[in-house]
Amino acid sequence: MLRQYELVDLVKSYDENADEDALNRAYVFAMKKHGAQLRASGDPYYSHPVEVAGILTQFKLDCASVIAGLLHDTVEDTDTTVEEIRGLFGDQVAQLVDGLTKLAMIEQKSTDKKQAENFRKLLLAMSEDIRVLLIKLADRLHNMRTLHFLKSPEKRARIAKETLDIYAPLAERIGMQEIKTELEDIAFKELHRDAYDSIQARLNFLREQGSNIVPKIISQLEKDMKENGIKAEVSGREKSPYSIWRKMQQKNASFEQLSDIMAFRIIVDDVGACYQALGIVHSKYHMIPRRFKDYISTPKPNGYKSIHTGVIGPENTRIEIQIRTHEMHEVAEKGVAAHWAYKQGEKVVGKNFRWIRELLEILEQASNPEEFLENTKLEMYNDQVFCFTPKGDLIGLPINSTPVDFAYAVHSSVGDTCVGAKINGEIRPLRTVLQNGDQVEILTSKAQHPSTEWDRFVVTGKAKAAIRRYVRAHKRDQFITLGEQLLERTFKSENLDFNEKALVNVFPNFEAESIDDIYAKVGEGLITAWDVMKAVYPAYKQSKLEKVVKSIVPSFTGKKNKSKSEPLKIKGLIPGMAVHFAGCCHPLPGDRIVGIVTTGKGVAVHRIDCKLLEKFANEPERWLDISWGDDASETPHVGRLKVMLANEPGALGELSNLIARSNGNIANLNIINRTLSYFEIMIDVEVKDLRHLTDIIATLKSSKVVSYVDRSA
Ligand code: MN
């Protein structure tokens, strides 16, 4: 285990300005806090954070990261709080430790491949500061190095699998080849011990047989370069057991069939030298077809640059050769961390990491590395949130998504029937904005249907499309029913014969292709029943209009209803759909009502004495005789009251008590005017019907705090 002064020396070797005092304090703090806790290895627990800090110095990470590495398990595993760390080590370290603690809380439950991808994204999204991720990887690396100490085979396997699925690809994603390879090999050894052993045995056999073939090839390649005036460092190695195994799987090949068990690297000063070196290799040795790749002209998505080629090399051995510059090499091995190392050496490198381009831009604008580190918020996945299903599956959604979006993402049938949601175990409104890592359980009911209300807050295209599709389909159904009734009534009132055959002849007049089209258009108010009637019976005389108006809306003209036609039975009074209540007059069951066909919105229900109706006096074809169904008072309706209330303590309380005791529910309350002695208030009350409202009015009138109350239009 690294000693305190050794760690400090390591940090100071690349960062002269490191806060030596803080490093020392953090080392002691971790030691004290973890106290007598032991690792599975039998070592004191604090050896783990110390080793993690040591790994971070190999990445040449800044002092705050190394301190956070020392403290990374204190909040999770001891009584330490983030505030305590903030007080002792400052905001930056506290934030890093907080980020790491949060990452430790989320646990991957599903073993599905696609889920692993989402989980990686979740880790990235939650690691707002990329240093959190680097410390996490160092943490995982040390845990893998000590994996064999764990007694439970199931636990070892789970951690190894998680490492292969999540952390090794993450390391690759941020370009840290070294860590990726080590993580993979340890995991592979744990998960496929037999395969690992047999590959290892074959490698050993080759090594003995070839009697140090690697050094021979290295020195030959060095000679080749020198003879041609190229300054180069040549190194060689066997490929890692895991990458050999992967190749065997991918190519369905046996160990013997693999051509490139050994890989060599030629590292040169600049890009020009790369291609010169390539020329030397290809002119001297036979190239193996289809093994040449130029990742310098076309870098990998993670920014990796190198030339790869396969040749029959020195000693007549099939080998792979990678040719790259020192900078490319550093970036390939250390990834993001290398950028910092280079910045500190005033050598800004490659801008080809597409996904960290933003980081690099900050890097270039920042006047010093500290400022850069403070500003490195990981922007990659900040447009997405990732939430768990109760089974532990991860669902990725756009930012600002709600439980309804989540429900539709799970399945459209779940979305269509969702009535509520539990977020992290608590019932929350459907419009709640989801956060990263939330566990969401959707409550469903077969009686539920998509609501137009949802359309106001959902953000995913899938949810929006499903809601609109449903509403559109059902609106049209309602429009068709309504249109048919309207037409029938209009024809009947004129003593004209109504049959569908007659309508077929007038399709072209209305750009209709079916009877339903005609009905829907009439129901929606795009055309009127009168238009259709006039088209079917061109001889129809305008003069009958007045009589018709009277027969449809007799009460409006002050006469008793003599029409034999039944009032329309309109059910499912859903706002925004084919029938809705007008906001101007708040009709209640018990009120005489009239329907007005409005363009595009179906029928608006008004009180017969609503002032707005005057507007439609000259359009009798829009008027509909409607009345309340028998069950209308079973659902609450909103009535509006105007109240003058004494301006004295407790008056408002008294008012709401009286309404509540009368089983009324205040839906809204607006103070319109306020004088020294009175409040003038508008109250919307949910009531069963007109009678209920009248009762409430009477009750209020009996109170001494109410000086005036009446129904308001
Ligand atoms: Mn740890």
Side-chain angles (χ1 to χ4, degrees), residues 1-11 19-59 61 63-90 92-108 123 127 131-160 162-163 166-167 179 182-183 186-187 190:
M1 182 180 54
L2 274 176
R3 293 167 188 242
Q4 198 170 327
Y5 70 88
E6 288 171 331
L7 181 68
V8 173
D9 283 351
L10 276 172
V11 179
D19 186 343
E20 201 172 325
D21 170 58
L23 276 169
N24 281 319
R25 282 190 291 119
Y27 193 104
V28 174
F29 186 86
M31 204 153 80
K32 273 192 189 153
K33 282 292 185 175
H34 288 294
Q37 289 174 0
L38 291 181
R39 296 273 290 177
S41 60
D43 288 334
Y45 192 92
Y46 71 85
S47 65
H48 164 66
V50 168
E51 294 301 334
V52 169
I55 293 170
L56 293 171
T57 65
Q58 286 167 20
F59 304 163
L61 279 194
C63 191
S65 305
V66 178
I67 292 174
L70 286 169
L71 305 175
H72 80 271
D73 277 334
T74 54
V75 173
E76 205 205 341
D77 291 345
T78 76
D79 60 0
T80 311
T81 65
V82 173
E83 286 323 305
E84 196 177 352
I85 288 177
R86 196 185 310 279
L88 290 168
F89 302 98
Q92 232 190 101
V93 172
Q95 268 177 34
L96 292 174
V97 174
D98 192 34
L100 285 155
T101 308
K102 280 183 187 143
L103 283 195
M105 314 257 265
I106 51 169
E107 214 183 297
Q108 212 233 348
L123 286 180
S127 314
R131 288 176 294 176
V132 170
L133 204 61
L134 296 173
I135 300 167
K136 182 74 194 168
L137 283 172
D139 178 30
R140 176 55 60 130
L141 182 58
H142 183 251
N143 283 335
M144 287 302 283
R145 284 178 182 169
T146 52
L147 183 70
H148 58 281
F149 289 117
L150 291 183
K151 290 211 176 60
S152 152
E154 289 80 23
K155 199 170 176 194
R156 285 201 309 267
R158 184 181 62 75
I159 293 172
E162 191 180 69
T163 299
I166 315 272
Y167 293 98
I179 290 200
E182 186 173 353
L183 287 174
I186 303 172
E190 178 60 42

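Here Ile186 contributes atom CD1 and Arg156 contributes atom CZ; the two are 13.5 Å apart, rounded to the nearest 0.5 Å. Atom CD in Glu84 sits 7.5 Å away from atom OG1 in Thr78 (nearest 0.5 Å). Expressed to the nearest 0.5 Å, how far CD1 of Ile85 lies from CD of Gln92 amounts to 14.0 Å. Rounded to the nearest 0.5 angstrom, Gln4 CD and Asn24 CG are separated by 4.5 Å. Atom CG of residue Asn143 and atom NZ of residue Lys136 lie 8.0 Å apart, to the nearest 0.5 angstrom. Between the CG atom in Leu61 and the CD1 atom in Ile55 there is a gap of 11.0 Å [rounded to 0.5 Å].
Here the options are Ile67, Asp73, Val75, the test is side chain to side chain contact (heavy atoms under 4.5 Å, CB included), and the partner is Leu71; only Ile67 passes. Of the options Asp43, Asp139, Asp77, a side-chain hydrogen bond (donor to acceptor under 3.5 Å, both in side chains) to His48 is made by Asp139 and by none of the others.
Using a 4.5 Å heavy-atom threshold, the side chains of Ile179 and Phe59 count as touching. Looking at Met144 and Glu182, their side chains never come closer than 4.5 Å, going by heavy atoms from C-beta outward. Within the 4.5 Å cutoff, the side chain of Asp79 has heavy atoms near those of the Lys33 side chain.
Of all the heavy atoms in Ala40 and Leu150, the pair that sits closest is CB-CD2, 3.7 Å. What you find for Ser65 and Leu56 is that their closest heavy atoms are O-CD1, 3.4 Å. Here the closest non-hydrogen pair linking Phe29 and Leu88 is CE1-CD1, 3.4 Å. Counting all heavy atoms, side chain and backbone alike, Asp19 lies closest to Cys63 at N-SG, 3.5 Å.
Partners of Arg39 according to the salt bridge (Lys or Arg N to Asp or Glu O under 4.0 Å) rule, which considers only residues two or more places apart in sequence or in another chain, do not exist here.
Side chain of Glu190 to backbone of Ile159: no donor-acceptor contact under 3.5 angstrom is found.
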